[in-house]
Peer 1: 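Supplied in structure tokens, the structure appears directly below.
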Amino acid sequence: MKKQLIISIIVCSLIMLTACGEQKETNEPGPLDGLFAGTELSYEEYKFIMEHIVDRAKKMEIEDKVIEKWVIRAIGDERLMNKRDLTKEEALEKAEDNHNYYEAFISVAENIYGISVSEEELDAWIAEGPDQSEFPQQKAYAEALGMTLEELNHEYDRDLYKQTVMMEKLQPVLQKEYGTTDGDEVNKKFNEEIEDQLK
């Protein structure tokens, strides 16, 4: 049940690491929890928004395709959450912060706690979860990027799913490490470790 909830949140969200950036302040439990809470739009509405988001990012002519992806996520999060467009400078700053946070998360999980996810394991997780559902925003996002849902899930948003699987594996390890099952406390302490990594 918990896995299904996480999968639903991921698939409904589109953008992950902006959530991780927010997580530093809110200490929410999962990397994508809380994104777009209460946002219910039709496919046509999402299609219009997603095309606008991707078009804005492409017009910024960002050479680094990894950062461009994080820019799209940052623009999308701001557009859907706060109904405003980021400037190129704001989008790049958020994208770089979120990408750095993601890299620090992976580094701490792998190097300090020995948590890893194989490519086969990740493909199976995506196939059993996100591939099994189709949400209007997910479909609109894939189309705006010129991708199929499978390409979106298995390639473009693969990093987001990797972090989610790692977070699932980390929870019991962190609870033991910190001596508490309190989700807020665990996330606070883990975020402090990530912040230390970013210094």
Side-chain angles (χ1 to χ4, degrees), residues 2-23 28-36 46 50-51 53-54 57-58 62-77 80 91-92 94-171 173 190 194 197-198:
K2 185 177 178 185
K3 183 175 179 180
Q4 289 301 322
L5 176 62
I6 292 172
I7 291 167
S8 297
I9 292 169
I10 292 170
V11 173
C12 290
S13 344
L14 317 180
I15 307 160
M16 178 223 136
L17 236 329
T18 302
C20 283
E22 297 295 320
Q23 188 179 18
E28 291 191 352
L32 293 176
D33 290 0
L35 265 187
F36 315 142
Y46 276 119
M50 296 307 164
E51 286 173 353
I53 290 164
V54 172
K58 296 293 183 189
I62 299 160
E63 291 183 23
D64 186 327
K65 292 304 173 188
V66 172
I67 294 300
E68 182 187 63
K69 176 165 53 174
W70 289 99
V71 164
I72 290 170
R73 292 170 176 168
I75 292 171
D77 184 60
L80 288 167
L92 280 169
K94 278 193 173 194
E96 287 169 6
D97 286 349
N98 293 337
H99 180 250
N100 291 339
Y101 186 92
Y102 170 82
E103 293 290 333
F105 176 100
I106 298 299
S107 176
V108 170
E110 290 179 342
N111 300 323
I112 295 177
Y113 294 103
I115 301 295
S116 62
V117 179
S118 70
E119 295 302 309
E120 297 76 18
E121 182 182 7
L122 186 53
D123 276 321
W125 190 92
I126 294 169
E128 292 167 10
D131 283 353
Q132 298 302 310
S133 303
E134 182 180 306
F135 293 87
Q137 56 270 57
Q138 180 194 31
K139 184 180 176 191
Y141 189 36
E143 288 181 5
L145 291 166
M147 298 179 181
T148 64
L149 286 174
E150 185 172 347
E151 288 169 333
L152 179 71
N153 288 336
H154 288 267
E155 297 170 25
Y156 195 81
D157 279 346
R158 189 176 189 84
D159 53 349
L160 310 189
Y161 296 125
K162 177 179 178 179
Q163 185 182 15
T164 301
V165 175
M166 292 182 90
M167 194 59 169
E168 287 180 355
K169 290 183 167 190
L170 265 171
Q171 283 298 326
V173 175
F190 186 60
I194 295 173
Q197 185 85 7
L198 287 166

Peer 1: Working to the nearest 0.5 Å, report the span between CE of Met147 and CG of Asp157.
Peer 2: 8.5 Å
Peer 1: Where is the tightest heavy-atom contact between Leu170 and Ile115, given as atom of each residue plus distance?
Peer 2: CD2-CG1, 3.7 Å
Peer 1: Specify the closest pair of heavy atoms between Pro136 and Tyr46, including all atoms of both residues, with the distance to one decimal.
Peer 2: CB-CD1, 4.0 Å
Peer 1: On a heavy-atom basis, which atom in Glu51 and which in Ala144 lie closest, and how many Å separate them?
Peer 2: N-CB, 3.8 Å
Peer 1: Tell me, do Gln197 and Glu103 make a side-chain contact under 4.5 Å, heavy atoms counted?
Peer 2: no
Peer 1: Supply the atom-to-atom distance Leu80 CG to Gln137 CD, rounded to the nearest 0.5 angstrom.
Peer 2: 8.5 Å
Peer 1: How about Arg73 and Asn98: do any of their side-chain heavy atoms sit closer than 4.5 Å?
Peer 2: no
Peer 1: Between Met166 and Lys169, is any pair of side-chain heavy atoms under 4.5 Å apart?
Peer 2: no
Peer 1: Please state whether the rings of Tyr156 and Tyr141 are parallel, tilted or perpendicular, taking 30° and 60° as the class boundaries.
Peer 2: perpendicular
Peer 1: Just verifying a value: how many Å separate Lys69 NZ and His99 NE2, rounded to the nearest 0.5 Å?
Peer 2: 8.5 Å
Peer 1: Once rounded to the nearest 0.5 Å, what's the spacing between atom CD1 of Ile53 and atom CD1 of Ile75?
Peer 2: 8.0 Å
Peer 1: Does some side-chain heavy atom of Val71 sit less than 4.5 Å from a side-chain heavy atom of Leu92?
Peer 2: yes
Peer 1: Give me the atom names and distance for the closest heavy-atom approach of Ala74 to Ala91.
Peer 2: CB-O, 4.2 Å
Peer 1: Restricting to salt bridge (charged side-chain N to carboxylate O under 4.0 Å, His left out), what partner residues turn up for Glu96, sequence neighbours left out?
Peer 2: none
Peer 1: Just by modelled atom types, is the Ile67 backbone N or O under 3.5 Å from a matching donor or acceptor in the Asp64 side chain?
Peer 2: yes
Peer 1: Salt bridge between Glu155 and Arg158, side-chain N to carboxylate O under 4.0 Å?
Peer 2: no
Peer 1: Please round to the nearest 0.5 Å and tell me the distance separating atom CG of Leu122 and atom NZ of Lys162.
Peer 2: 8.0 Å
Peer 1: Might you point out which heavy atoms bring Tyr161 and Pro130 nearest each other, and give the distance in Å?
Peer 2: CE2-CG, 3.5 Å
Peer 1: When you compare the side chain of Thr164 with that of Trp125, does any pair of heavy atoms fall below 4.5 Å?
Peer 2: yes
Peer 1: For Lys139, check salt bridge (charged side-chain N to carboxylate O under 4.0 Å, His left out) against everything at least two apart and list the hits.
Peer 2: none
Peer 1: Could you tell me the separation between the CE atom of Met50 and the CD1 atom of Ile72, rounded to the nearest 0.5 Å?
Peer 2: 11.0 Å
Peer 1: Which label fits Phe190 and Phe105: parallel for a plane angle under 30°, tilted from 30 to 60°, or perpendicular past 60°?
Peer 2: perpendicular
